[in-house]
Amino acid sequence: MKLKYLFFLLLIFPLTVIGSDDISELKALDTKASEYRKMCIECVTDVKLSRKRLDELGTCKVLYQFTKNEYPSLKQGIVEAEESAKLEGEANGLDNPALREKLVLIMSAKSHMSIAGSILNKVR
């Protein structure tokens, strides 16, 4: 009987760990996208309040550095997560709670990115 439980544990545990890794990576992407949105809000607010140029404001310099260094990997990570979730949904069906959580995090990150883009359009 104990051998059966041990086998079950060895079979299921790696799957649980793999799923949680994906979700933790997606949470990190969502957090980074949220930070990007916040930086955009801070930069645009400072521009509107101070009437200074973008390159004169510290918040906009930070945003520029983030956009230059982190944005490409953030965008690529979201695209890859979407593709992975699509394949997982086609293979396993959409009734999986882990897949649902992944999709929610992906949509949240995409929403943050969209809002950030809309905010940056206010400066132009």
*asked:* Less than 4.0 angstrom from a charged side-chain N to a carboxylate O is my criterion; do Lys61 and Asp55 meet it?
replied: no

_Main-chain N/O of Glu80 paired to Ser84 side chain as donor or acceptor, under 3.5 Å_ = no

*Which distance, rounded to the nearest 0.5 Å, do you find between the CZ of Arg37 and the CD of Glu42?*
10.5 Å

*For Lys122 and Lys48, work out which heavy atoms get closest and say how close.*
O-NZ, 3.3 Å

*CD1/Ile41 to OG1/Thr59 distance, rounded to the nearest 0.5 angstrom?*
12.0 Å

*Measuring from Glu82:CD to Lys86:NZ, what's the distance to the nearest 0.5 Å?*
9.5 Å

*Would a distance-only check, ignoring hydrogens and angles, find a side-chain to backbone donor-acceptor pair under 3.5 Å from Ser34 to Asp30?*
no

_Partner of Gln65 by side chain to side chain contact (heavy atoms under 4.5 Å, CB included), out of Leu63, Thr67, Asn69_ = Asn69

_Under the criterion side chain to side chain contact (heavy atoms under 4.5 Å, CB included), I'd like the reasoning laid out for Glu88 against Lys102: C-alpha separation, chi angles, the key distance, then a yes or no._
CA-CA 10 Å; Glu88 185 179 336; Lys102 289 176 188 177; 2.8 Å; yes

*asked:* Could you measure the distance from the NZ atom of Lys27 to the CD atom of Glu101? Nearest 0.5 Å is fine.
replied: 5.0 Å

*Honestly curious: do Phe66 and Val44 fall in one hydrophobic cluster under the side-chain, below-4.5 Å linking rule?*
yes

*asked:* Looking at every heavy atom in both Ala98 and Ile23, which two are closest together, and how far apart are they?
replied: O-CD1, 4.2 Å

*Between Ala109 and Ala33, what is the shortest heavy-atom contact and its length?*
O-CB, 3.7 Å

_Asp95 side chain near Arg100 side chain, heavy-atom distance below 4.5 Å_ = no

_Using the rule that Ile, Leu, Val, Met, Phe, Trp and Tyr join whenever any side-chain heavy atoms are under 4.5 Å apart, tell me whether Met107 and Val79 fall into a single cluster._
no

*Closest heavy-atom contact between Leu99 and Ala85?*
CD1-O, 3.7 Å

*Taking every non-hydrogen atom, the tightest pair across Ile119 and Cys40*: CG2-O, 3.7 Å

*Hey, does His112 have a side-chain heavy atom less than 4.5 Å from the side chain of Lys32?*
no

_Between CD1 on residue Ile78 and CG on residue Leu105, distance to nearest 0.5 Å_ = 11.0 Å

_Rounded to the nearest 0.5 Å, what separates atom CE in Met113 from atom CG in Leu29?_
9.5 Å

_Ignoring hydrogens, what is the shortest heavy-atom contact between Ser50 and Leu57? Give both atom names and the distance._
OG-CD2, 3.7 Å

*Would you kindly confirm whether Tyr71 and Ile115 end up in one hydrophobic cluster when ILVMFWY residues are joined by side chain heavy atoms under 4.5 Å apart?*
yes

